[in-house]
There are 2 protein chains.
Amino acid sequence: MRAQINMVHTLQLLIMMFFSLARNSAFALWPIPPHITAGTTPLKLSPDFSITTTIVSPPHDLVSAIQDTQSRLKTDKFQRLVIGRGASDSNAVRFAPQLDKLELVFAPHAPPVRSIAAEATAPLKARSEWYKLSVPSGGSPAAQLVANSTLGLFRGLTTFSQLWYAYGTDKYILEAPVEMEDRPAFPYRGFSLDTSRNFYPMSDILRTIEAMSWVKLSILYWHVSDSQSFPLQVERFPELAQKGAYSENEIYTTDDVKQIISYANSRGVDIVVELDSPGHTTGIAFGYPDHVACANKMPWSMYASEPPAGQLRIANESTIAFSKELFDSVASMFTGPMMSSGGDEVNLPCWEEDADFVRDSIVANTTIPEALDRFVQEIQGIIKKRKKMPLIKSDMILTHNVTVTDDTVAVVWQSSADAVSMADRGHTFIYQPSNYFYLDCGAGDWLGDDVPGVSWCDPFKTWQKAYSFDPYANLTASQYHLVLGGQMPLWSEQSSPENLDSIVWPRLASAAEVFWTGAALPDGTSRLGKNATNGTSALARLHELRYRLVDRGIKAIALQPHWCALRPGACDLDA
Amino acid sequence: MRAQINMVHTLQLLIMMFFSLARNSAFALWPIPPHITAGTTPLKLSPDFSITTTIVSPPHDLVSAIQDTQSRLKTDKFQRLVIGRGASDSNAVRFAPQLDKLELVFAPHAPPVRSIAAEATAPLKARSEWYKLSVPSGGSPAAQLVANSTLGLFRGLTTFSQLWYAYGTDKYILEAPVEMEDRPAFPYRGFSLDTSRNFYPMSDILRTIEAMSWVKLSILYWHVSDSQSFPLQVERFPELAQKGAYSENEIYTTDDVKQIISYANSRGVDIVVELDSPGHTTGIAFGYPDHVACANKMPWSMYASEPPAGQLRIANESTIAFSKELFDSVASMFTGPMMSSGGDEVNLPCWEEDADFVRDSIVANTTIPEALDRFVQEIQGIIKKRKKMPLIKSDMILTHNVTVTDDTVAVVWQSSADAVSMADRGHTFIYQPSNYFYLDCGAGDWLGDDVPGVSWCDPFKTWQKAYSFDPYANLTASQYHLVLGGQMPLWSEQSSPENLDSIVWPRLASAAEVFWTGAALPDGTSRLGKNATNGTSALARLHELRYRLVDRGIKAIALQPHWCALRPGACDLDA
């Protein structure tokens, strides 16, 4: 019986793929669902279009998502990216049948209904983002969205809202009926934001989270503190933000954090907070100077990778106790199942030349490697005690060989090549490789008096470079399960609210599709280049996403002249 | 008598330079006036502070500039960039004497009073931007601004409004008395904006012009049309914009142009419109296809430097007549004494393989070089007939050897090295070198399907790179007079309203100071690095400018972490 079901399922898939290969769909969804079929009939939303659900007493955040989607479907003004925009479709639209209703259905035998927020903060591998969406050709029956979770329904609503083009007051598609089945290739699909080098007000963070949800990202990795400032209000250590924030107006209060978490979780985004340590911690010295070695010591380049120098005194019992309590206090603020202790770029001379550190290490009869190993284990212990999976930067493992347990997730950042070493050690990991994903690279050195001014991670990472990333490159099939996903980071040395949208969007969407759709499309064609599944190059879809983002208030940069955006392929290198 | 005056003047200069060298002024003016002295007394603006002028019946735009300055002095909230911002100054400010008045004085023996707009559109070398500003230490007598022109008064008002820091409701300086004498090293200080690849609405253009005036730029070089679109409404050829603009909402109407000119001229900014020709003209083909050879021909890379291909049929009499009338019509729309016919990147196969062009050249018994030479001369004749100085791209002269008269100004763009060739031919020129000044470089190739994706003019031009430019490099002293100034261009393949501010600011300020202040400061120290004249590095001043721009609503990017901006020098490479 089970084999028979599987065979039916396989046949269905083959039929779907046949249709996928056989026709050119103009759907500009991003990320592209792996399975999609479409017809040739125009369809528009009825003026009375509504979204309903069969769920009795739907969770509050699902109700909000339904309302938001209905509202978006009215306010979106994005017109199809063709010459004349929607004008050539106007006749077809005028006489198109009208869709009255989208019905959200909880799949039979699905687990009990929980809120989107609960689903979005479940353990990473326990999240169900699968959904199935059917849009009829004739306006009836109702369109149907099926999922096993409210999170899956949320993902489906996101897709549904991106199907439609605006023309006048109409919202339409040209290719009903539509059937799609969608699920992510990887559960961890993130964006990492550094709020220490420069501060971002709440409005920027909330707007970014909402845009993240539109491309189905699942994680905001919040690099909240660093050596330049400490903007996070921590209840047990109030002086951290009081003295370490850039100003009293540049603090994320505990209420702010609650709002961010609630806003994100209800949109399918989990927050992973990173307290980078034991390096990148001079921000702690504003409030608690005793715990920081070599704070602001010059020349900074001897003691840190960027100014100002400063690292936690990891051989000092008082500092260890402080750090544990700090991590515990911060861990208690966040709802998600993960937390990061960072760990990148520790500097040995900072400790070696610090008199207090030397004294501490003699007292404790310990070496730097031993102290580092113990520090990491203590911190990871605290994170685990709070029932969170610890994340750690890859150089702690690959360079400093600290002990980490199997349930730790490494953040591979220095180079994509490090993934092989990490996999060979059997660690699960996420990708954040500087050579593919760093959004800040390519703007030249930001240090003063550096006229040649190249940045260490030049050149600029184009959307195409990020999009070309293959999460399974150089890994053996038996290592694939170690890859949880990846994220693109924005380091804020040269970024601030002024350029947040334009440096992030639409490039962040590249990683969103890499980790949602996977290395290749189900028909085996590469996501890059023209492919059969959707009939256009990724660029054509990304243009649509970019214009949609702009329409929704995100200042995403133009990827090409508008002339090119209207003419898919005309501005290709080999056109 | 004359020698005596000169000696007195030289002595004054020496005394000024002595003071300049002797003390560290914290003034963060940008561009930095070549001559400035300051004291050590705090001074604040009286609540009744007003700006008056001795000019009887001052021109309307000067009255507006005075009102704008008074308004800015109230609304500016920029606080001094030090730890704690203005807090450490608060005591000094509380008890500081109050300045009641700034008096604008027209220098005796100055030419008759004209409007700022008239002064800003006088022939380039006839403009007088000189001014002298004195701010007393004790609140009286009134501060005095002296100039020989309303344009000079405008430049002085700009400086005056940037002297003051905000703290609470106070506006103060710490270093009264202040004396400065200021004039630009070069008259042509520009920004070139491409409104064809992507369109910028009026609000973006006006905002940019206002910000340009804050750094004393004198020229908006408007690359209004190109192959992708033709957004300019031209009365005699209405179909150019009707068919060639991206949409009916993306047209600069004749009224828009009038508004731009008026807004710019009254702020000391002259408009140089560029109708790029005979290449980069496919935008004309939407409305007038008969005049364009190889329009949209593929593969585009055979026929143009970027898609779409297309060039004017320069051997066709009808096209020449059309072009002349087009230039005449556009020239008539603009008030300034300059206009550019562009001329970059013509492609020979486009003409060689165009059947109409071949037929035309047989009929006219002409070759491509001959036709090009005639075309350029015809167009330049039209520009001159409209009493404008023609500008032309350097490759027309250096690569194609077209005939240009001595009153033509070359735009040296391919490389700064071309300046020597241009000077050796005795041509006056302005600098727009891609290797120093291109604001759009470094974002990777924008062509589709180009994964490695480097841009032809990589890397990103940092503010430091642009700022390091020496307008006299490799020239002999006898050639210096050929340099009229320079400009930084924004080509809009990957830019649009979404990133306009962040890609332009504050980098554009680099060129503003290069061409205002000159290669070096009057004391001989380099503008780069720490110098005696203002006691800080250029970076410290540029930070202040950037924060001031943000305060005034320009989304200028952060150059460094805020931590660094508060601590001049702490984030230098060698700190």
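Just so it is clear: chains get the letters A, B, ... in the order the sequence lines come, proteins before strands, and each one is counted from 1.
Heavy atoms closer than 4.5 Å to chain A are found nowhere in R85(B), neither backbone nor side chain. Residue contact with chain A, scored on non-hydrogen atoms closer than 4.5 Å, involves the side chain of R546(B) exclusively. With a 4.5 Å cut-off on non-hydrogen atoms, S229(B) does not touch chain A at all. Heavy atoms of P308(B) lying under 4.5 Å from chain A belong to its backbone as well as its side chain.
Expressed to the nearest 0.5 Å, how far CG of D458(B) lies from CG of D458(A) amounts to 8.0 Å. Separation of atoms CG (L573(A)) and OG (S301(B)) is listed at 7.5 Å; rounding is to 0.5 Å.
Chain A forms the most heavy-atom pairs under 4.5 Å with one residue out of W463(B), F460(B), W505(B), Y246(B), and that residue is Y246(B). Contact tally against chain A (heavy-atom pairs below 4.5 Å) for C571(B), G444(B), S492(B): the top residue is C571(B). Put simply, of P497(B), G442(B), A443(B), the one with the most heavy-atom pairs under 4.5 Å next to chain A is A443(B). Among P299(A), A575(A), P307(A), the residue with the largest count of heavy-atom pairs under 4.5 Å with chain B is A575(A).
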Side-chain polar contacts of residues 554-565 of chain A - donor-acceptor pairs under 3.5 angstrom, sequence neighbours left out - could you list them?
from	atom 1	to	atom 2	distance (Å)
Q560(A)	OE1	H543(A)	NE2	3.0
Q560(A)	NE2	W446(B)	O	2.8
H562(A)	ND1	Y547(A)	OH	2.7

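Residues N499(A) and S502(B) share a closest heavy-atom pair of CB-CB, 3.8 Å. For the pair M298(A) and A570(B), the tightest heavy-atom approach, listed with the atom from each and the gap, is CE-O, 4.0 Å.
Taking the salt bridge (Lys or Arg N to Asp or Glu O under 4.0 Å) definition, one finds that D501(B) meets it with R207(B), sequence neighbours left out.
Contact check for D445(B) versus T462(A): no side-chain heavy atoms found under the 4.5 Å cut-off.
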